Amino acid sequence: MAGGVTRPGRPAAGLVVPGIWCERTVYRSEHADEVASRTSLAVGAPLRAVREIAADARRLAAGLSGRAPERALRTVDGDGRLGAVAALHRGEPCGLALNCAGTWVEWSAHPVLFLPVVSRTGPRCCRAVERGGRFGAAAPR
């Protein structure tokens, strides 16, 4: 990310606002050969991005059986979470990938500069996380 960018949540010079762009890509198999779905959302802060990704990963892992959820979520609940927040604060992307019962799921978060297209008093995107949005439907089985 270019130097001189302010912390997320504070406007940068001009009209741009720093934020985090998050994506979830679900592949039909663990070989990541065919995309089943892609979902994205925008948030204003690194910690919020990592929390949304972790919450989505927990929802998907909850459907797994046996010890698979525990194995799948070690990275989400461990030091990887702190590292992801730190990377986003430094302006670096971060990501997570899980094998969910043969389906491969990848999450990524990238610092970006948003260009608002409507005033703050105007309508807002109905998918905005600040309004309760999430990544969307569960991964196909």
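Note that this is a predicted model, so its numbers are computed, not measured.
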Quick check for you: to the nearest 0.5 Å, what is the distance between [X] atom [atom1] and [Y] atom [atom2]?
X: Ser29; Y: Glu34; atom1: OG; atom2: CD; value: 8.0 Å
X: Leu47; Y: Glu52; atom1: CG; atom2: CD; value: 10.0 Å
X: Asn99; Y: Leu64; atom1: CG; atom2: CG; value: 8.5 Å
X: Glu23; Y: Trp107; atom1: CD; atom2: CH2; value: 13.5 Å
X: Cys94; Y: His89; atom1: SG; atom2: NE2; value: 11.0 Å
X: Thr103; Y: Leu98; atom1: OG1; atom2: CG; value: 11.5 Å

Are [X] and [Y] side-chain neighbours, meaning at least one heavy-atom pair lies under 4.5 Å?
X: Val105; Y: Arg24; value: yes
X: Arg51; Y: Arg81; value: yes
X: Val17; Y: Leu113; value: no

Legend entry - same_hphob_cluster(Trp104, Leu60) at 4.5 Å side-chain heavy-atom cutoff: no
Legend entry - ILVMFWY cluster, Tyr27 and Leu96 together (side-chain gap under 4.5 Å): no
Inset, instruction - Just do the side-chain contact (heavy atoms from CB on, under 4.5 Å) check on Leu115 and Leu15 with the steps written out, would you? - result: CA-CA 6 Å; Leu115 179 61; Leu15 296 175; 3.8 Å; yes
Residue pair [X] / [Y]: nearest heavy atoms and the distance that separates them:
X: Phe114; Y: Ala42; value: CZ-CB, 3.6 Å
X: Ile53; Y: Ala109; value: CD1-CB, 4.0 Å
X: Arg38; Y: Thr25; value: NE-OG1, 3.3 Å
X: Glu106; Y: Ala97; value: CG-CB, 4.0 Å

Legend entry - Charged N-O contact under 4.0 Å between Asp33 and Arg28: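 The answer is no: the pair does not qualify as a salt bridge.
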Legend entry - With Cys22, the side chain to side chain contact (heavy atoms under 4.5 Å, CB included) member among Thr39, Val50, Val43: Val43
